[in-house]
Structures are given as structure tokens and as C-alpha cells.
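Take a look at the structure set out below.
Position 1 is the first residue of the sequence; numbering continues from there. Fair warning: this is a prediction, and the values are worked out from it, not measured in the lab.
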Amino acid sequence: MEKNPEFDDIRPFYDDEVAPAIGRLLNDSQFREGMNRLFQEKDREQIEQLMRTLTNLLDFQHFIESTVNKVLNQTTTDVTGGGLENVSKSTAYTYVSNHRDIIWDVALLVVFLLGNGYETTVEIAMGDNLLLTDWIKDMVRLNKSFIVKRNLPIRQIHEASVHLSKYIHFTILNKKQSIWIAQREGRAKDSNDRTQESLLKMLAMGSDRNFLESLSEINLTPTTFSYEYDPCDFLKAKEFQQKRDNPDFKKTQDDDSLNMQTGLFGYKGRVHLQIGRPINPLLAELDRSLKINELAKKVAAIIDKEIFLNYKFFPINYITYDRLWGKNFFREQYTADDIKNVDRYFQQQTDKIDLPNKDISYLTGKLEEMYAYPVKNFLSVSSE
């Protein structure tokens with residue numbers, strides 16, 4: 001693996017740092033508590049022994065693969081994937097995706113690639129706001145994550161953005177490693193997935209070439225995650241009301257921790273991952289005389305369209321779309337029992353929300369939006 005000390009502050013671990021990091025994990029009381037939740041004592045002892053034999057990052061990702069599959073078996077009814085025909089095992093890509101779940105989005109991509117013989121998977125962009133404990137910091141760097149620094153003073157934002165972008169270009173061009181990054185900072189709480197133009201401008205900073213040529217270097221590849229049920233939907237709805245009632249509301253570290261835990265262990269139903277087509281051929285068609293702001297809008301629209309076209313829909317998506325905007329447009333896609341199940345599900349989720357002034361009508365509306373927006377966005381591009 002090619003090393004560059006310039007990026008030591010944000011890079012994943014190197015292979016020779018794996019064993020010491022695993023030692024720290026196994027001595028961390030919070031990490032061991034999490035293992036107690038996942039595994040019975042006999043299994044836990046075997047897993048600890050196995051972890052002590054891991055010597056490199058790929059070994060660790062294969063270890064994580066088995067754990068991920070165990071949790072998926074407990075929290076999903078079906079997991080599918082597609083789009084491998086769009087990517088080559090010998091090429092590095094920047095998988096840019098919609099963002100539903102803090103942990104599962106990239107975990108699904110890693111497991112999908114490993115399960116299909118991609119021995120080199122992806123490095124993962126991870127915001128430092130989620131690195132809540134020492135064991136999480138070790139865990140994410142073992143799992144090939146690089147750190148996105150957030151909440152910086154204004155004077156440091158540009159410098160950090162250039163530094164991050166240079167690392168991404170270095171990873172793609174020199175290390176020949178693919179990466180995953182969300183299309184926006186944070187999850188789209190209402191599922192109205194839109195690529196941030198500021199993200200694209202950051203990605204282009206890592207090269208001396210012009211905006212489009214710089215983006216072409218890193219091989220942007222839109223990727224779509226579809227969950228039948230989002231375990232964190234009630235937490236997202238709660239946050240919407242908290243921000244409505246108090247514009248100055250800010251989530252705490254405890255809130256982030258609860259979102260991670262709920263997303264990890266909550267029921268997801270059916271899940272689908274679709275790798276889209278790399279967009280370099282479409283970038284080549286854009287007018288290079290346009291200003292960067294206009295080009296960023298066009299590139300964002302290209303990514304969004306590919307993400308929208310690759311959604312997989314379930315009855316809850318069609319039902320909520322029809323309720324909000326469709327006027328029974330998709331009535332043949334669901335049954336009366338599906339409607340009852342969706343109503344029961346929303347009741348169950350709003351019951352979980354612990355607010356003193358709980359606005360059931362508002363919260364239910366927000367839940368409906370989360371499941372309806374993907375259909376709305378798909379329809380907005382499907383006839384183009």
C-alpha cells in the first residue's frame with residue numbers, strides 16, 4: 001500500500017497498525033459490551049480469538065462481512081444488489097450515493113463487493129462528528145474509513161476541504177482504491193435525495209486540472225440504497241418537529257449514538273443496493289466554457305438522475321406517494337392489506353416518539369414524506 005505522511009491525520013490504518021488497534025478494541029469496555037449484545041459467550045470467545053489473528057485491513061473487512069451478514073439476517077427479510085456490470089474489478093471508483101443510514105449504507109456496499117469477488121473494496125468517508133468514542137475511532141479506521149473534518153472554524157474549512165480532496169484523488173489515482181462518499185453532508189431526513197453542489201466543488205479541489213477534468217479523475221459512480229423500512233424514521237420525524245418548534249435545536253452526541261444504534265439493530269424489511277453507471281461519458285458532453293457554479297448544478301443533476309432511476313420501490317412507497325401527491329396513480333401496486341400494514345406501522349413508529357407536545361398529524365406527515373419522495377423523484381426523471 002502506498003503511504004503518504006501528508007494524510008496521516010485523516011487516513012485509515014495501515015496494515016501494520018491493525019494488530020495494535022485490535023488489541024485496544026478488545027480491552028475497551030464499551031466495545032466488549034457491544035459484543036455481549038451481538039454474540040453469546042461461546043461465540044464471543046471464538047470471535048475474540050479470531051480477531052487476534054487478523055493482520056491486515058482486508059482480513060478485517062472479511063471479518064466484518066460475517067458480522068454484517070449475521071445482523072442482516074436478524075433485521076431484514078431480503079437483501080439484493082445489482083449493477084456490477086457497470087464497474088470493473090481493475091478500476092477505482094468514487095461511489096457517491098444517497099444516504100439513509102449512518103452505518104448500513106456503506107456496510108451493504110462493502111459486503112456486496114466482497115461477496116462478488118472484489119478483493120479490494122472501498123475506503124469510506126466518515127464525518128468526525130460520529131467518532132464519539134475511542135473504540136469507534138479505531139473501528140472505523142480499521143474498516144478503511146478516512147475522516148471528514150466538520151464543524152471547523154471558517155478560516156479552516158477551505159484548507160480542510162483541499163486536504164480531503166487531495167486525499168481522495170491520491171486514493172483513486174495512486175492507491176488504486178475505490179471510495180464511498182454520501183451525496184450530501186448528513187442523511188436526507190425526508191429522503192429527498194439531492195447531491196450538494198458544494199460536495200462536487202470540494203471533490204474537484206484535489207487536482208490542478210479544471211473542474212470537469214478533476215471530477216473525471218475520480219470516476220464518479222452514482223449508487224442507490226433502498227430500504228423498505230427505515231428504523232430511524234421516527235427519530236428523523238422527531239427531529240423535524242424539534243426543529244420546527246425550536247429553530248435553534250441541535251442534536252447531541254447521545255442523539256447521534258441513538259441513531260447509530262437504532263439503524264444498526266432496527267428492522268429494515270427488504271433492502272436493495274444498485275450501482276449505477278459511471279458518469280464520465282456524460283461529463284465529457286458538458287460545455288467546459290460554463291462557470292463552475294453552473295457546471296456543478298449540471299453534474300449534481302446527472303448524479304441525482306442516476307440515483308433516482310435506480311430506486312427499488314415497495315408498497316409503502318407507492319401508498320405514501322398516492323396519499324401525498326398521486327391521487328391513486330399507483331393503486332394497482334398495493335392491496336388493502338398493504339394499506340392496513342402501513343397505517344399500523346406509522347402508528348407504531350409515532351408511538352415511539354417521546355415529545356411532550358407531540359404533533360401526531362405533523363409527525364405522520366413527515367413519515368409519509370420519507371417514503372414518498374423517492375417515487376416522486378423517480379417520476380421527475382423517468383420520462384426524460
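- Remark: of the listed residues Lys149, Arg150, Arg194, Arg150 is the sole one forming a salt bridge (charged side-chain N to carboxylate O under 4.0 Å, His left out) with Glu185.
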Stepwise side chain to side chain contact (heavy atoms under 4.5 Å, CB included) test for Leu58 and Leu114: CA-CA 10 Å; Leu58 185 58; Leu114 285 174; 4.2 Å; yes
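- A salt bridge links Lys3 and Asp16; the closest N-O separation between the charged side-chain nitrogens and carboxylate oxygens is under 4.0 Å.
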Pair Thr77-Lys268, side chain to side chain contact (heavy atoms under 4.5 Å, CB included): steps then yes or no: CA-CA 8 Å; Thr77 54; Lys268 302 159 192 66; over 6 Å; no
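- Under the 3.5 Å distance criterion, the side-chain polar atoms of Asp128 are left unmatched by any main-chain donor or acceptor of Ile147.
- Under a hydrophobic-cluster definition in which Ile, Leu, Val, Met, Phe, Trp and Tyr are linked whenever side-chain heavy atoms come within less than 4.5 Å, directly or via other members, Leu215 and Leu290 are assigned to the same cluster.
- Taking all atoms of both residues into account, the shortest heavy-atom contact from Pro222 to Ile307 is CB-CG1, 3.9 Å.
- Residues Trp325 and Val375 form no side-chain contact, since every pair of their non-hydrogen atoms from C-beta on lies 4.5 Å or further apart.
- Aromatic pair Phe146/Trp180: ring centres not closer than 6.0 Å.
- When the side chains of ILVMFWY residues are joined at heavy-atom separations under 4.5 Å, either directly or via intervening members, Leu363 and Phe249 end up in two distinct hydrophobic clusters.
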When the side chains of residues 291-298 are checked against the rest of the protein, which donor-acceptor pairs come out under 3.5 Å, sequence neighbours left out?
unit_1: Asn293; atom_1: OD1; unit_2: Lys201; atom_2: NZ; d: 2.5

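- Using the six-membered ring where Trp is involved, Phe170 and Tyr167 have ring planes that are tilted, between 30° and 60° apart.
- Within the model, atoms CD1 of Ile64 and CG of Asn69 stand 11.0 Å from one another, a figure rounded to the nearest 0.5 Å.
- Rounding to the nearest 0.5 angstrom, the gap separating the CD atom in Gln261 from the CG atom in Leu258 is 6.5 Å.
- No hydrogens or angles considered: a donor-acceptor pair under 3.5 Å links the side chains of Asp338 and Thr335.
- A salt bridge (Lys or Arg N to Asp or Glu O under 4.0 Å) check over residues 73-84, counting only residues at least two apart or in different chains, returns nothing.
- Ionic pairing of Lys366 and Glu369 is present here: one or more N-O contacts between side-chain nitrogen and carboxylate oxygen are shorter than 4.0 angstrom.
- Going from atom NZ of Lys89 over to atom CG of Leu113 covers 10.0 Å, rounded to the nearest 0.5 Å.
- Between His99 and Phe225, the distance from one ring center to the other does not fall under 6.0 angstrom.
- Under the side chain to side chain contact (heavy atoms under 4.5 Å, CB included) criterion, Leu282 pairs with Glu285, Ile302, not counting sequence neighbours.
- Residues Asp245 and Asn357 have side chains that bring a donor and an acceptor to within less than 3.5 angstrom of each other.
- Inspection of the Gln242 and Asn246 side chains reveals no N or O donor paired with an N or O acceptor under 3.5 Å.
- No hydrogens or angles considered: a donor-acceptor pair under 3.5 Å links the side chains of Thr195 and Gln183.
- Side-chain atoms of Ser226 come within 3.5 Å of backbone atoms of Lys312 as a donor-acceptor pair (strictly under, hydrogens ignored).
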Stepwise ring-ring contact (aromatic ring centres under 6.0 Å, His included) check, Phe313 with Phe378: CA-CA 10 Å; Phe313 297 126; Phe378 170 80; 5.6 Å; yes
Verdict with supporting geometry, Leu355 and Gln241, side chain to side chain contact (heavy atoms under 4.5 Å, CB included): CA-CA 9 Å; Leu355 287 174; Gln241 183 178 332; 3.7 Å; yes
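- Within the 4.5 Å cutoff, side-chain heavy atoms of Val299 are placed close to those of Leu283.
- With sequence neighbours excluded, the residues satisfying side chain to side chain contact (heavy atoms under 4.5 Å, CB included) with Gln274 are His272, Asn310.
- Here the CE-CZ distance, from Met370 to Arg187, works out to 9.5 Å after rounding to the nearest 0.5 Å.
- No chain of hydrophobic side-chain contacts below 4.5 Å, direct or via other Ile, Leu, Val, Met, Phe, Trp or Tyr residues, connects Ile360 to Phe234.
- Taking NZ of Lys175 as the reference point, atom CG of Leu173 lies at 12.0 Å (rounded to 0.5 Å).
- A donor-acceptor pair shorter than 3.5 Å cannot be found between the side chains of Tyr371 and Asp230.
- For residues 20-29, the pairs satisfying side chain to side chain donor-acceptor pair (under 3.5 Å) are Arg24-Asp138, with sequence neighbours left out.
- Between Ala300 and Glu197, the closest heavy-atom pair is CB-CG, 4.2 Å.
- Proximity of a side-chain donor or acceptor of Asn86 to a complementary backbone N or O of Ile275 within less than 3.5 Å is detected.
- The salt bridge (Lys or Arg N to Asp or Glu O under 4.0 Å) pairs that include a residue from residues 46-69 are Arg32-Glu48, where partners are two or more places apart or lie in different chains.
- Every side chain to side chain contact (heavy atoms under 4.5 Å, CB included) that Val342 has, sequence neighbours left out, goes to Ile316, Ile319, Arg323, Phe346.
- Formation of a donor-acceptor pair under 3.5 Å by the Lys144 side chain with backbone atoms of Arg141 is not found in this model.
- Tyr229 and Tyr345 have tilted rings, their planes meeting at an angle from 30° to 60° on a 0 to 90° scale.
- Ion pairing between a basic and an acidic side chain is recognised when a charged N comes within 4.0 Å of a carboxylate O; Glu306 and Arg277 show such pairing.
- Val162 belongs to a hydrophobic cluster whose remaining members, ordered by chain and number, are Met205; membership requires side-chain heavy atoms of ILVMFWY residues under 4.5 Å apart, directly or through intermediates.
- For the 3.5 Å distance criterion, the side chains of Asn143 and Ser145 fail to qualify, holding no donor opposite an acceptor.
- Residue pairs meeting the salt bridge (Lys or Arg N to Asp or Glu O under 4.0 Å) criterion with at least one partner in residues 92-106, sequence neighbours excluded, are Arg100-Asp193.
- Within the hydrophobic cluster formed by Ile, Leu, Val, Met, Phe, Trp and Tyr side chains joined at under 4.5 Å, directly or through other members, Leu152 is accompanied by Ile157.
- Applying the ring pair (Phe, Tyr, Trp, His ring centres under 6.0 Å) test to residues at least two apart or on different chains, the pairs with a partner in residues 62-87 are Phe60-Phe63.
- Both tests pass for Arg244 against the ring of Tyr362: distance under 6.0 Å to the centre and angle within 45° of the axis.
- Going from atom CD1 of Ile218 over to atom OG of Ser178 covers 11.5 Å, rounded to the nearest 0.5 Å.
- Nearest heavy atoms, Asn280 versus Ser216: ND2-O, 3.1 Å.
- Side-chain atoms of Thr53 come within 3.5 Å of backbone atoms of Leu50 as a donor-acceptor pair (strictly under, hydrogens ignored).
- Heavy-atom minimum distance, Gly266 versus Thr75: O-CB, 3.3 Å.
- Across Tyr311, Phe330, Phe314, a single residue satisfies ring pair (Phe, Tyr, Trp, His ring centres under 6.0 Å) together with Tyr321, and that is Phe330.
- In this structure, Arg209 is not positioned above the aromatic face of Phe211 in the sense of NZ or CZ being under 6.0 Å from the six-membered ring centre and within 45° of the axis.
- Scored by the side chain to side chain contact (heavy atoms under 4.5 Å, CB included) test, Lys340 finds Asp337, Arg344 as partners (sequence neighbours excluded).
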